J.: 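The structure follows.
All values reported here derive from a predicted model rather than from experimental measurement.
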Amino acid sequence: MTSIAQLLDAPVTPACDPGLAAPTWDFDALPTYGPGASVADVVPAATTNARSRPGQLPIAYQRMTNEELHARIAAAKASLGDRVVILGHYYQRDEIVAYADFVGDSFQLANAALTRPDAEAIVFCGVHFMAETADILAREEQTVILPNLAAGCSMADMADEDSVEAAWAELAQVYGFDPDETVGPDWFERHPGGTLPVVPVTYMNSSAALKAFCGRHGGIVCTSSNARSVLEWAFARGERVLFFPDQHLGRNTAKAMGVPLEQMPMWNPRKPLGGNDAEALLDARVILWHGFCSVHKRFTTAQIAAAREAHPGVQVVVHPECPMAVVDAADAAGSTELIRRLVADAEPGSTIAIGTEINMVNRLAAQHPDKTIFCLDPVVCPCSTMYRIHPGYLAWTLESLAAGEVVNEIQVDPDVARHARTALERMLAAAPKPLTGTSMSSTSTSTSSTRSTTGGPR
């Protein structure tokens with residue numbers, strides 16, 4: 001199987017930004033998410049990620065060869081021992097995953113860090129919102145580090161705190177509630193049978209500030225595994241839901257639960273009332289924020305049709321962040337962890353086309369040589385923000401730790417962390433639940449989608 005490094009050294013397909021072949025520090029200071037990102041992915045000026053851009057990696061690390069970087073990472077990791085735990089997201093480069101103590105999706109990794117309470121530092125090889133979540137859940141004495149502070153998330157940044165607060169104030173005018181009222185953790189216990197006009201639900205792929213917003217206003221966080229359970233929790237406590245930042249996960253989940261599309265208006269934060277009239281908002285069950293994942297938005301029904309024509313009998317599995325038509329056309333849809341499990345459980349000789357980030361797809365193909373596994377999108381474009389965690393940054397942060405210096409620390413304000421933890425704890429109590437259909441594999445543990453969608457945190 002061709003490695004990610006070999007793919008990046010190969011001639012780049014014109015449809016994918018040739019800048020991907022350059023070292024990440026060549027574009028870390030640019031006001032965009034970098035080569036390979038959607039043209040729409042200009043970093044919003046108000047985001048945490050934009051404010052925390054670090055400048056360039058120290059020049060000494062830029063000049064090191066791959067061999068030297070890997071030797072220094074291994075030496076620093078060995079010297080630190082149990083003092084540090086390294087977390088690697090599924091979408092990371094192979095050369096980063098090689099050093100991870102735990103590999104998984106965003107929330108799995110945050111939970112994995114909790115199994116190392118004696119570690120002084122958590123080095124999170126992912127993106128900004130993941131490191132924030134780890135800091136919220138970590139012990140006060142633990143330090144959380146994001147090797148490259150430029151590793152943000154374009155979807156998370158599509159719903160910034162100011163825009164969501166402004167939307168909340170507009171909704172308060174329509175639904176007749178006080179937008180400044182705090183709905184404490186015990187509100188529902190003190191008001192048995194009481195319901196709120198609207199319950200805010202944020203996807204894990206959001207800032208700590210928005211998780212705290214949900215915690216303050218009676219809301220909750222969801223993952224792609226428990227989105228149905230979370231919506232059921234919200235509908236039991238409110239007349240409708242404001243779902244952000246990913247429209248596709250919200251739409252796919254609510255549709256599979258029987259919510260009509262006409263009761264799922266889109267909220268465009270650049271337009272009054274989100275581009276809706278009051279009547280549409282009063283009739284709404286789920287208000288969908290105008291946000292999306294650039295990687296998963298790339299997948300199309302035409303790609304699925306082409307895969308089926310070229311590979312009769314192919315099984316198609318996509319992430320639920322894909323557009324509704326793509327999820328409907330697939331055999332199964334689920335989180336990164338579900339996709340991994342589904343591939344592992346498939347019979348030898350199976351052919352599986354996957355609609356998610358290319359680093360993960362290539363790794364699955366290498367791990368399962370007895371199966372034919374390929375990405376639906378023929379253009380090899382990794383998540384450009386995950387791609388920013390280069391071995392140079394990992395070497396720098398680990399060697400700094402070994403020398404007694406902390407660089408690129410992520411610290412969530414204690415008040416923000418307190419409210420965000422409320423929303424996260426509600427999420428943890430909302431167990432995954434099947435939506436409809438049966439999974440591609442008889443051994444899969446849960447299903448959810450119009451055909452078969454199985455979940456797990458992203």
Side-chain angles (χ1 to χ4, degrees), residues 1-10 12 19-28 34-36 54-104 109 112-113 116 119-127 130-131 143-151 357-367 369 380 382-409:
M1 179 66 200
T2 305
S3 70
I4 298 297
Q6 290 171 319
L7 287 169
L8 292 172
D9 287 339
V12 181
L20 275 167
T24 61
W25 50 80
D26 285 355
F27 52 85
D28 277 343
Q56 291 194 324
L57 181 71
I59 194 69
Y61 291 93
Q62 295 182 35
R63 291 175 175 170
M64 290 179 192
T65 63
N66 288 336
E67 291 74 18
E68 186 176 3
L69 285 173
H70 291 305
R72 294 180 71 149
I73 290 170
K77 186 172 189 259
S79 71
L80 289 164
D82 292 339
R83 293 171 52 202
V84 65
V85 56
I86 301 175
L87 310 179
H89 192 273
Y90 283 132
Y91 294 171
Q92 288 293 309
R93 308 157 176 256
D94 288 343
E95 54 266 42
I96 293 296
V97 167
Y99 296 103
D101 296 299
F102 296 94
V103 180
L109 293 176
R116 297 287 185 89
E120 299 171 18
I122 300 167
V123 178
F124 210 125
C125 298
V127 294
M130 300 178 188
T143 298
V144 176
I145 293 169
L146 182 64
N148 185 351
L149 291 180
E357 203 271 346
I358 189 65
N359 278 325
M360 180 180 177
V361 178
N362 281 349
R363 192 171 301 120
L364 287 172
Q367 292 169 349
V380 180
C383 172
S384 62
T385 50
M386 289 280 187
Y387 181 68
R388 287 181 185 267
I389 307 296
H390 183 278
Y393 286 97
L394 184 56
W396 175 42
T397 53
L398 291 179
E399 290 194 328
S400 296
L401 277 175
E405 179 186 3
V406 175
V407 296
N408 291 0
E409 182 176 4

J.: Under 4.5 Å between any side-chain heavy atoms of Pro391 and Arg93, yes or no?
T.: yes

J.: Between Cys383 and Tyr387, does the side-chain contact (heavy atoms from CB on, under 4.5 Å) criterion hold? Intermediate values first, please.
T.: CA-CA 6 Å; Cys383 172; Tyr387 181 68; over 6 Å; no

J.: State whether the side chain of Asn148 and the backbone N or O of Ile389 hold a donor-acceptor pair below 3.5 Å, judged by distance alone.
T.: no

J.: Working to the nearest 0.5 angstrom, can you tell me the gap between Thr397 OG1 and Phe124 CZ?
T.: 14.0 Å

J.: Calculate, to the nearest 0.5 Å, the distance between atoms NZ and CD1 belonging to Lys77 and Ile73 respectively.
T.: 10.5 Å

J.: Strictly by salt bridge (charged side-chain N to carboxylate O under 4.0 Å, His left out), give each pair with a member in residues 399-409 just once, sequence neighbours left out.
T.: Arg72-Glu399

J.: Parallel, tilted or perpendicular, judged at 30° and 60°: which one describes the rings of Tyr99 and His70?
T.: parallel

J.: Give me the one residue out of Leu146, Val85, Val84 that meets side-chain contact (heavy atoms from CB on, under 4.5 Å) with Val123.
T.: Val84

J.: Determine, step by step, whether Thr24 and Tyr393 satisfy the side-chain contact (heavy atoms from CB on, under 4.5 Å) criterion, reporting the C-alpha distance in whole Å, the side-chain angles of both residues, the deciding distance to 0.1 Å, and the verdict.
T.: CA-CA 10 Å; Thr24 61; Tyr393 286 97; 3.4 Å; yes

J.: If I take atom CE from residue Met360 and atom CG from residue Asp94, how far apart are they, to the nearest 0.5 angstrom?
T.: 12.5 Å

J.: Picking from Leu87, Leu109, Asp101, Ile86, what satisfies side-chain contact (heavy atoms from CB on, under 4.5 Å) with Ile122?
T.: Leu87

J.: Quick one: do Asn359 and Met386 satisfy side-chain contact (heavy atoms from CB on, under 4.5 Å)? Show the steps, please.
T.: CA-CA 10 Å; Asn359 278 325; Met386 289 280 187; 5.8 Å; no

J.: Could you go step by step and tell me if Leu80 and Glu120 meet the side-chain contact (heavy atoms from CB on, under 4.5 Å) rule?
T.: CA-CA 10 Å; Leu80 289 164; Glu120 299 171 18; over 6 Å; no

